[in-house]
Amino acid sequence: MSVQMQRRLFTVQEYHLMGEAGILGEDDRVELIEGEIVQMAAIGTRHASSVKRLIAVFSDLERRRAIIGAQDPIQLTERTEPQPDVVLLQPRADYYATAHPVPSEVLLLVEVSDSTVGFDRDVKVPNYARSGIQEVWLWDLDVNCLEVYRAPTANGYTSLKKFERGETVAPLAFPEFEVSVDFILG
């Protein structure tokens with residue numbers, strides 16, 4: 001006789017209550033993906049360096065044009081709250097003190113991937129598309145390539161372009177602002 005086990009999926013509200021109750025600590029590297037609490041990989045030095053480089057590049061944008069977030073939560077749905085590496089957010093007077101950003105406030109979302117590239121590409125990017133985030137950059141450090149996803153639909157992004165060393169790319173929200181692939185990859 002076969003018994004099918006059911007998973008207990010959590011909401012963002014329950015996930016936050018676990019943090020408040022001390023079940024999840026501030027130092028726990030976890031995020032909520034489709035109702036499941038997923039442990040995040042340790043951040044290696046190359047990954048951390050790439051995130052710092054992205055922050056340095058995006059810091060050149062005027063403060064009135066975007067708020068930079070680094071490894072902060074974005075609430076995609078009632079059951080999904082990932083912590084992408086870098087986001088450019090629409091300016092808000094409270095700097096998101098009253099609520100985590102939602103997809104309509106995300107101008108650009110960036111994931112830097114080395115050991116998690118499969119999970120980021122196959123799980124997180126489709127979630128970003130379903131939630132309507134207009135542009136996602138996936139830095140694949142294993143192959144030194146930037147994947148740029150645009151035009152979200154319920155079934156994924158309809159546009160994917162790859163950029164390699166020697167090339168530059170500009171976010172949709174800031175077409176005049178070019179980013180060097182070489183600089184980010186180091």
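Index from 1, following the sequence.
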One should read off an interatomic distance between Leu32 CG and Thr11 OG1, to the nearest 0.5 angstrom, of 8.0 Å
Closest heavy-atom pair, Leu109 versus Val87, reported as atoms and distance to 0.1 Å, is CG-CG1, 3.8 Å
Indicate yes or no: does Glu31 engage Lys124 in a salt bridge with an N to O separation below 4.0 Å.
yes
query: Between the side chains of Asn144 and Glu164, is a donor N or O closer than 3.5 angstrom to an acceptor N or O?
result: no
- Query: Does one hydrophobic cluster hold both Leu17 and Leu24, with members joined at side-chain heavy-atom distances below 4.5 Å?
  - Reply: no
Tightest non-hydrogen contact, residues Glu81 and Gln75, listed as OE2-CB, 4.0 Å
**Asked** Are Phe163 and Thr168 close enough, and set up right, to give a side chain to side chain contact (heavy atoms under 4.5 Å, CB included), and what steps lead you there?
**Response** CA-CA 7 Å; Phe163 295 84; Thr168 59; over 6 Å; no
Are Leu141 and Ile55 linked, directly or through other ILVMFWY residues, by side chains that come within less than 4.5 angstrom of each other?
-> yes
Problem - Val110 side chain near Asp85 side chain, heavy-atom distance below 4.5 Å - result: no
Can you list the steps and then say if Val112 with His47 is a side chain to side chain contact (heavy atoms under 4.5 Å, CB included)? CA-CA 6 Å; Val112 178; His47 181 280; 3.6 Å; yes
| said: Test of understanding: clusters of I, L, V, M, F, W, Y form through side-chain heavy atoms closer than 4.5 Å, transitively. Do Val38 and Leu9 belong to the same one? | reply: no
Q: Please check if atom CD in Gln6 has more than 12 non-hydrogen atoms from other residues, nucleotides or ligands closer than 6.0 Å.
A: no
Decide whether Glu135 and Tyr157 meet the rule of one side-chain donor and one side-chain acceptor closer than 3.5 Å.
no
- Please tell me if the side chains of Leu107 and Phe174 come closer than 4.5 Å, counting only heavy atoms from C-beta onward. yes
Side-chain contact, heavy-atom cut-off 4.5 Å: Phe58 with Phe177?
-> yes
*Report yes or no: do Asp120 and Ser113 form a side-chain donor-acceptor pair below 3.5 Å?*
yes
| said: Would you say that Ile184 contacts Leu54 through its side chain, given a criterion of any heavy-atom pair below 4.5 Å between the two side chains? | reply: yes
Closest non-hydrogen atoms of Thr80 and Asn127, given as atom of the first, atom of the second and distance, are OG1-OD1, 4.2 Å
message = With salt bridge (Lys or Arg N to Asp or Glu O under 4.0 Å) as the criterion, how do Glu34 and Arg7 come out once you've worked through the C-alpha distance, each side chain's angles and the decisive distance to 0.1 Å?
response = CA-CA 11 Å; Glu34 296 177 350; Arg7 291 183 183 186; over 6 Å; no
Original post:
Transitively linked via ILVMFWY side-chain contacts under 4.5 Å: Trp137 with Val117?
Top reply: no
* To do: Would you indicate whether the side-chain heavy atoms of Val125 and Glu111 approach each other to under 4.5 Å?
  => no
Just do the side chain to side chain contact (heavy atoms under 4.5 Å, CB included) check on Val86 and Leu108 with the steps written out, would you? CA-CA 8 Å; Val86 178; Leu108 173 66; over 6 Å; no
- Are any non-hydrogen side-chain atoms of Ile74 and Asp72 less than 4.5 angstrom apart? no
Would you say that Val181 contacts Trp139 through its side chain, given a criterion of any heavy-atom pair below 4.5 Å between the two side chains? yes
* Going by distance alone, is a donor N or O of one side chain under 3.5 Å from an acceptor N or O of the other, for Tyr15 and Gln13? -> no
For this session: Could you tell me whether the side chain of Thr116 and the main chain of Phe119 form a donor-acceptor pair under 3.5 Å?
Result: no
For a 4.5 angstrom cut-off between non-hydrogen side-chain atoms, does Arg130 reach Pro152? no
Interatomic distance, CD1@Ile43 vs OG@Ser49, rounded to 0.5 Å, equals 12.5 Å
To the nearest 0.5 Å, atom CG of Leu146 lies from atom CD of Glu167 at 9.0 Å
Self-check item: Derivation and outcome, side chain to side chain contact (heavy atoms under 4.5 Å, CB included), residues Ile67 and Gln90
Solution: CA-CA 6 Å; Ile67 293 174; Gln90 290 179 353; over 6 Å; no
With sequence neighbours left out, the residues meeting side-chain hydrogen bond (donor to acceptor under 3.5 Å, both in side chains) with Arg79 are none
In the single-linkage hydrophobic clustering (I, L, V, M, F, W, Y; side-chain heavy atoms under 4.5 Å), do Leu160 and Leu138 co-cluster?
yes
Tightest non-hydrogen contact, residues Pro103 and Ile133, listed as CB-CG1, 3.8 Å
Give a yes/no verdict on a cation-pi contact between Arg53 and Phe183, requiring under 6.0 Å between NZ or CZ and the six-membered ring centre and an angle within 45° of the axis.
yes
Taking every heavy atom of Val30 against every heavy atom of Gln83, the minimum-distance pair comes out as O-NE2, 3.0 Å
- Between the side chain of Ser50 and the main-chain N/O of Leu185, is any donor-acceptor distance below 3.5 Å? no
Residue pairs passing the salt bridge (charged side-chain N to carboxylate O under 4.0 Å, His left out) test with at least one member in residues 177-186, sequence neighbours excluded, are Arg165-Asp182
Heavy-atom closest pair (Pro101 atom, Pro73 atom, distance to 0.1 Å) is CD-O, 3.4 Å
Whether Glu36 and Arg8 form a salt bridge (side-chain N of Lys/Arg under 4.0 Å from carboxylate O of Asp/Glu) is what I want to check. no
Got a salt bridge between Asp140 and Arg121, using NZ or NE/NH1/NH2 to carboxylate O under 4.0 Å?
yes
